[in-house]
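Throughout, a chain's letter reflects where its sequence line sits, starting with A, and its residues are numbered from 1.
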Protein chains: 2
Amino acid sequence: MNDTVPPSAESLANDLEKAIHEHRIAPGAKLSEEELGDIYGVSRTTVRAALQALTHRRLIEHQRNRGAFVAQPSVREAREVFEARALLEPRTARSAAERMTPEDLGLLRAHIDAEHAALHDGDNGRALYLSGQFHIEIARISDQETILNFVEQLISRSSLIIALYWQRRAALCESNAHHALISAFQKKDGALAEELMKSHLLDLLTSLDLSNKTSKPSTLRAALSH
Amino acid sequence: MNDTVPPSAESLANDLEKAIHEHRIAPGAKLSEEELGDIYGVSRTTVRAALQALTHRRLIEHQRNRGAFVAQPSVREAREVFEARALLEPRTARSAAERMTPEDLGLLRAHIDAEHAALHDGDNGRALYLSGQFHIEIARISDQETILNFVEQLISRSSLIIALYWQRRAALCESNAHHALISAFQKKDGALAEELMKSHLLDLLTSLDLSNKTSKPSTLRAALSH
DNA sequence: GTCGGCAGGATTGTATACAATTTTGTGACC
DNA sequence: GGTCACAAAATTGTATACAATCCTGCCGAC
């Protein structure tokens with residue numbers, strides 16, 4: 001689109017995060033500094049800054065003198081992420097319900113519509129991304145910057161977890177849950193929203209295949225069973 | 001101590017974080033890249049990497065083309081941080097109590113002792129640091145890496161908040177609370193530990209002066225009332 | 001035939017150099 | 001005397017260059 005001119009460090013980081021979130025880059029993929037520099041037309045310095053940012057968001061893992069790789073959350077890490085979400089998000093849902101304005105509601109509905117559109121276009125990556133944004137939007141509405149930041153990180157990591165451990169590929173249309181949440185928001189029913197979010201997250205977790213067999217294909221070690 | 005040889009980016013970040021945590025660098029202080037480079041004997045590149053790390057931990061705020069400054073959490077941010085802690089830490093306390101081993105207990109006791117020693121030496125900064133480490137140690141024992149990372153960040157920020165809004169300077173010996181927690185841990189009483197932690201955090205919050213008068217001295221604008 | 005060591009290539013970690021932006025100091029004009 | 005404008009200084013953002021580390025492939029020894 002606008003490649004002719006200078007993408008700066010921060011925008012590069014956001015671009016990469018989005019690409020990872022939309023599953024355009026697979027977990028475990030190596031992110032070569034020089035390669036990225038060539039692609040985006042910037043120097044390694046800029047690339048390094050972006051990679052460091054993503055490292056701090058736990059989206060990529062940096063091995064000293066080895067390079068940066070898209071993170072491959074372990075089964076254990078997957079459980080931890082969803083446990084953390086279970087601690088934070090029900091609360092954000094409750095607060096959001098209490099503070100919900102008509103504009104906010106419209107925004108959330110627009111998100112769901114966009115998600116459906118993406119699904120219809122077969123763009124599963126984008127649908128997944130938007131589905132995550134829905135949760136982030138709720139946290140934003142709850143008006144707790146600090147918790148919002150945590151939720152943002154957790155949802156990015158959830159995207160990686162889904163890429164690795166998703167089992168029922170068929171329908172990621174958990175849209176039912178999202179629709180139910182919206183109706184709770186409309187009623188400004190905080191307690192209901194909290195409960196719905198809690199069970200929604202539980203649902204997500206149980207839709208993952210966290211049997212230790214597929215545990216952690218550290219690219220090879222466990223992929224080939226030896 | 002060992003200044004003669006090469007502090008690398010990561011160790012520099014840890015060093016700075018500790019200095020901030022111990023109130024050796026005040027909130028709002030400017031962190032010049034060249035100055036830090038001279039002090040530590042490294043290049044600006046290394047300094048920048050360290051500063052970026054601390055930025056992501058919300059310990060310093062980076063203003064484009066202006067530089068890095070030690071963060072000055074607003075009253076609102078202060079409340080948010082403690083609200084997030086109230087969501088996470090009672091749970092870590094409960095889990096920690098259930099998993100507590102004799103070695104862990106010894107470690108926690110050692111922390112408290114060190115804290116008392118620091119207080120006795122009049123080294124309030126170090127005492128404050130150790131007091132924070134106590135909470136971090138609990139999160140570590142609870143064995144939830146993801147939540148531990150969040151708690152670490154929240155406690156670092158709490159240190160800044162305390163620097164700005166602490167009112168009853170006299171006794172930061174909330175040692176009572178810590179001792180009570182230890183006895184709950186010894187009994188492996190998770191529910192009690194959870195409750196104690198919750199009230200401890202509430203105690204900490206109410207010991208701050210968050211009246212909007214001292215709101216946010218952005219170094220001058222509000223410090224001099226004009 | 002396999003294992004250990006050593007050199008070559010590649011990639012990252014750090015330092016230095018240049019470009020861009022902001023701040024500050026000076027001077028003219030109102 | 002005060003305010004605006006411009007220029008110099010300082011500081012950060014980015015690019016390039018060099019040093020250190022790691023991986024790969026080859027070769028000799030056992």
List the residues meeting side-chain hydrogen bond (donor to acceptor under 3.5 Å, both in side chains) with B:Thr46, not counting sequence neighbours, and say none if there are none. none
Partners passing side-chain hydrogen bond (donor to acceptor under 3.5 Å, both in side chains) against B:Asp113 (at least two apart in sequence or in another chain): none
Give one of base, sugar-phosphate or nothing for B:Thr45, where a contact means two heavy atoms less than 4.0 Å apart. base
Below 3.5 Å is the cut-off: list the nitrogen or oxygen pairs between protein and nucleotides 19-23 of chain D, distance only.
{"unit_1": "D:dT21", "atom_1": "O3'", "unit_2": "A:Asn65", "atom_2": "ND2", "d": "3.1"}
{"unit_1": "D:dC23", "atom_1": "OP1", "unit_2": "A:Arg66", "atom_2": "NH1", "d": "3.4"}

Just grab all the ring pair (Phe, Tyr, Trp, His ring centres under 6.0 Å) pairs involving residues 72-94 of chain A, residues at least two apart or on different chains. none
Residue pairs involving residues 43-76 of chain B (criterion ring pair (Phe, Tyr, Trp, His ring centres under 6.0 Å); sequence neighbours excluded): A:His56-B:His56
Partner residues of A:Ala78 under the side chain to side chain contact (heavy atoms under 4.5 Å, CB included) criterion, sequence neighbours left out: A:Ile161, A:Tyr165, A:Leu210
Rounded interatomic separation in angstrom, taking CZ from B:Arg44 and P from D:dT11: 10 Å
Taking atom P of D:dA10 as reference, at what distance in whole Å does atom CD of B:Glu35 sit? 14 Å
Reading DNA chain C from 5' to 3', where do the contacts with chain A start and stop? Cut-off is 4.0 Å to heavy atoms. C:dT11 to C:dT14
Can you classify the ring geometry of A:His178 versus A:His200 as parallel (below 30°), tilted (30 to 60°) or perpendicular (above 60°)? perpendicular
Residues pairing under salt bridge (charged side-chain N to carboxylate O under 4.0 Å, His left out) where one sits in residues 64-75 of chain B, two or more places apart or in two chains, turn out to be none
Would you mind listing every salt bridge (charged side-chain N to carboxylate O under 4.0 Å, His left out) that reaches into residues 11-20 of chain B, with sequence neighbours excluded? B:Glu17-B:Arg57
